[in-house]
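Comments concern the structure below.
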Amino acid sequence: MSEQDKIETRRTVFAPAVDIAEKENEFIIWADVPGAENQGVDLDLDGDLLRVTVKVTSPEVGELPLIYREFETGDFETSFRVSQKVDKEKIKAEIKDGVLTVTLPKAAEAVPRKIKVKAA
Amino acid sequence: MTWNLFSELFGADPWGEGPVWTSPFRGRLGERTGPYLNIHGNEEKLMVVSEIAGLDPESLEITVHGRSLTVSGARKLPELAEDECRTYNERVGGDFTRSIVLPYEVETDQVEATYERGVLVVKLPRAEKDKPRKIEVKAA
């Protein structure tokens, strides 16, 4: 088989449904990634690009044939451009029940502060 | 004759609704959105798999009655304070109910359901009394 005959196969990959919110001190990203393996979540910050890769395992069905299908299973991938306001060192992520929550705290300068006015 | 579980589930209405969907999540265009389900099975047991990220486990109710399976529950999105908002929103939250007609009766007290990592799996073994039996022909 020549090099051209080799076909690389990859699992189906989906972009997860995502919500983004801005709070006073942080941004939050929620992503629906059902079936995510516990150790299968990878967050990779490259400059200002946050790449999220999630590996998914399907439930054990063994030999049981699939007789009705509404959804396909696959890994998840998506990426976000992280704003300058974010303190990149402090980005945290956790996953629970198939929901990935990424917390991006704002850098101190970006947090709105009240400035006291001294009366002369 | 091979047994076609697909036609058992939908009878003579292959373009119909399939497993009934009531109180659905609705997407922005009013289209039905999740939770979706896949059904695996053979003549002895069924396995219903559904992806429901962030399900509230206390809200989950699974009922089996005759040949009908009903799954209902709720998925709440995190609440935000008054001055906070979602700047980008693709996920849908709310109550859902789905009912499906199974191709055979199941052993109700042997139905098992697990919810792990956002995936709900319901295992339903066929009821003993509903299993096909060979009938011996006695020679006269």
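Chain naming here is simple, since letters A, B, ... match the order of the sequence lines and numbering starts at 1 in each. Not measured: the values here are computed from a predicted model.
- Neither the backbone nor the side chain of B:Thr114 has a heavy atom closer than 4.5 Å to any heavy atom of chain A.
- Using a 4.5 Å heavy-atom threshold, the side chains of A:Pro59 and B:Val119 count as touching.
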After noting the C-alpha distance and the side-chain angles of B:Leu37 and A:Tyr68, does the key distance pass the side-chain contact (heavy atoms from CB on, under 4.5 Å) rule? CA-CA 8 Å; B:Leu37 42 94; A:Tyr68 176 73; 4.1 Å; yes
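- The structure places CD1 of B:Ile52 at 11.0 Å from CG of A:Asp32, a figure rounded to the nearest 0.5 Å.
- Nearest heavy-atom pair across A:Trp30 and B:Arg86 is CZ3-NE, 4.1 Å.
- Environment of NZ in A:Lys88: crowded, with over 12 heavy atoms of neighbouring residues, nucleotides or ligands closer than 6.0 Å.
- Distance check: A:Glu26 CD to B:Glu84 CD gives 8.0 Å after rounding to the nearest 0.5 Å.
- In this structure, chain A has a heavy atom under 4.5 Å from the backbone of B:Leu55, while its side chain stays farther away.
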Evaluate the side-chain contact (heavy atoms from CB on, under 4.5 Å) criterion for residues A:Ile67 and B:Met47: first the C-alpha distance (whole Å), next the side-chain angles of each, then the deciding distance (0.1 Å), finally the verdict. CA-CA 10 Å; A:Ile67 55 179; B:Met47 192 161 131; over 6 Å; no
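- Both the backbone and the side chain of B:Val49 have a heavy atom closer than 4.5 Å to some heavy atom of chain A.
- Within a 6.0 Å radius of NZ in B:Lys131, other residues, nucleotides and ligands contribute more than 12 heavy atoms.
- Hydrophobic clustering of Ile, Leu, Val, Met, Phe, Trp and Tyr side chains at less than 4.5 Å, counting indirect connections, keeps B:Leu77 apart from A:Ile28.
- Side-chain contact between B:Asn38 and A:Glu72 is absent, with no heavy atoms from C-beta onward closer than 4.5 Å.
- Contact record, B:Ala53 with A:Pro34: CB-CD, 4.2 Å, taken as the closest heavy-atom pair.
- To the nearest 0.5 Å, the span separating OG on A:Ser58 from CD on B:Glu51 amounts to 8.5 Å.
- Across B:Lys123, B:Glu44, B:Lys45, a single residue satisfies side-chain contact (heavy atoms from CB on, under 4.5 Å) together with A:Leu64, and that is B:Lys45.
- Within the 4.5 angstrom heavy-atom criterion, atoms from both the backbone and the side chain of A:Thr57 approach chain B.
- Taking 4.5 Å as the limit, every side-chain heavy atom of A:Asp97 sits out of range of all side-chain heavy atoms of B:Arg117.
- In terms of heavy atoms, A:Val99 sits closest to B:Gly54 at CG2-N, 3.4 Å.
- Cluster membership check: A:Phe71 shares its hydrophobic cluster with A:Val61, using side-chain heavy-atom separations under 4.5 Å among Ile, Leu, Val, Met, Phe, Trp and Tyr.
- Residues A:Ile91 and A:Leu49 are members of separate hydrophobic clusters, defined by side-chain heavy-atom contacts under 4.5 angstrom among Ile, Leu, Val, Met, Phe, Trp and Tyr.
- Minimum heavy-atom separation, A:Asp19 to B:Asn89: OD1-ND2, 2.8 Å.
- B:Leu80 and A:Ile29 fall into different hydrophobic clusters, where Ile, Leu, Val, Met, Phe, Trp and Tyr side chains are chained together by heavy-atom contacts under 4.5 Å.
- The cluster map of Ile, Leu, Val, Met, Phe, Trp and Tyr, joined by side-chain heavy atoms under 4.5 Å apart, puts B:Leu102 and B:Tyr104 in the same cluster.
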